[in-house]
Amino acid sequence: MNEEKQTPERVRCLILGGGPAGYTAAIYAARAGLEPVVYEGPQPGGQLMLTTDVENYPGYPEGVQGPQMMQDFRKQAERMGADLRYGMATEVDFSGPPHKVIIDKTKEIVADVVIIATGATAKKLGLESEERLSGKGVSYCAVCDGFFFKGQEVAVIGGGDTACEDALYLSRICPTVHMLVRRDQMRASKVMQKRVFNTPNIKVHWNTVVEEFLGENELEGIKARNVKTGETFILPVKGAFIAIGHKPNSEIFKGWVEMDEDGYIKTTPGRTFTNVEGVFAAGDVQDKIYRQAVTAAATGCMAALDADRYLAAKEAEESEEVEAQQEGNA
Ligand code: NDP
């Protein structure tokens, strides 16, 4: 920790992350009187800031732009009284409660409860053309963006369960789905692979990598390469869905909070409790299956309710102890 730290700030409820989970937790926590302080992280709004149209979030019958939706969430949290701040957690000490969190390496916060909603980041291939065409045909979420390519030829890059799920989803709305798998086998579960192989309009290209995404302002095709033969070929796709995994933003909690082998924070099934008393987790940092804005928001709500009930029970316990002590002294 930084030697020149300021005096710690004491808060009841600290929320880490400014995506659908964090803002929803903030709305509920503020309304419950927990006076939440929210640190929004390096990209306020989270992954939705990288998407365009969102058509599957209930309540927006005409659809909404991802950044606009996050602005709406943010405004609502602010109106409820949440204290939204720029900055990110850089270190934690969860030996409490209360728990310590260092923000931007300098500021120390001491909180009765912490809600971790730091999200996940989609892994990228690392190509310049991928950056340029991201949101213009290159996407990291088939369920979010697939609909915009209905009736068109598309590609999925990856060979895991997510890639298989994406390919199957797209095969129902697109005439041809090319699946680019970099090895001669998939990492996906056998059952998912079987479903892919049994779907006639999914064409698997083994040992194949993306050399370049083609097009200036919108995707016009993929230049692919077979790594075994060296042969390159063009796939005339309008949409490309990269599904090579996500990385939960959980690095700083390692050693404190229990995680699975991929770094996703473990929560009690159906709840948001972590293994640490007073620390809750919501959204994509604890969800490798659904990863939707609506599921993140839902678990954000759950985390605030769990935190509120935890605090209420703890405070009731403490006041009972005080009463018992007073009675004993009388
Ligand atoms: P995975 O890590 O399981 O798979 C990633 C895939 O992308 C692998 O085929 C990998 O290839 C490939 N890949 C990685 N980097 C590159 C690259 N640079 N270029 C090309 N290909 C690349 O990620 P998933 O998101 O698929 O799944 C994550 C976890 O979530 C898994 O445990 C999965 O089982 C689970 N999951 C479960 C679902 C379900 O139960 N319905 C649905 C979705 C996910 P390689 O094998 O060569 O490394």
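Whatever order the structure lists ligands and atoms in, that order sets their numbers, starting from 1. Heads up: numbering here begins at 1 and tracks the sequence.
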Heavy-atom proximity to atom 32 (O) of ligand 1 ranks first, among Arg183, Lys124, Arg187, Lys288, for Lys288

Using heavy-atom distances only, which candidate in Glu165, His246, Gln185 approaches atom 41 (N) of ligand 1 most closely?
Glu165

Residue, atom name and distance, where the atom is the protein heavy atom closest to atom 27 (O) of ligand 1:
Thr162 OG1, 3.6 Å

the protein heavy atom lying closest to atom 38 (C) of ligand 1 turns out to be Asp161 CB, 3.9 Å

In this structure, are over 12 heavy atoms from other groups packed under 6.0 Å from [X] atom [atom1]?
X      : atom1 : value
Phe233 : CZ    : yes
Arg85  : CZ    : yes
Tyr60  : OH    : yes

In this structure, does ligand 1 have an atom that sits under 4.0 Å from one of the heavy atoms of Leu125?
yes

Within a distance under 4.0 Å of any heavy atom of [X], pick out the atoms of ligand 1 and give their elements.
X      : value
Gly160 : 4 (O), 6 (C), 8 (C), 9 (O), 26 (O)
Gly159 : 6 (C), 7 (O), 8 (C), 9 (O)
Gly245 : 23 (O), 25 (O)
Arg291 : 25 (O)

Quick look: Met192 vs ligand 1, heavy-atom contacts under 4.0 Å, and the answer is neither

Short N or O distance, Ile157 and ligand 1, threshold 3.5 Å exclusive
no

Over 60° means perpendicular and under 30° means parallel, so tell me whether [X] and [Y] are parallel, tilted or perpendicular.
X      : Y      : value
Phe280 : Phe273 : tilted
His205 : His178 : tilted
Phe94  : His99  : perpendicular

Ion pair Glu131/Lys124, N-O distance below 4.0 Å
yes

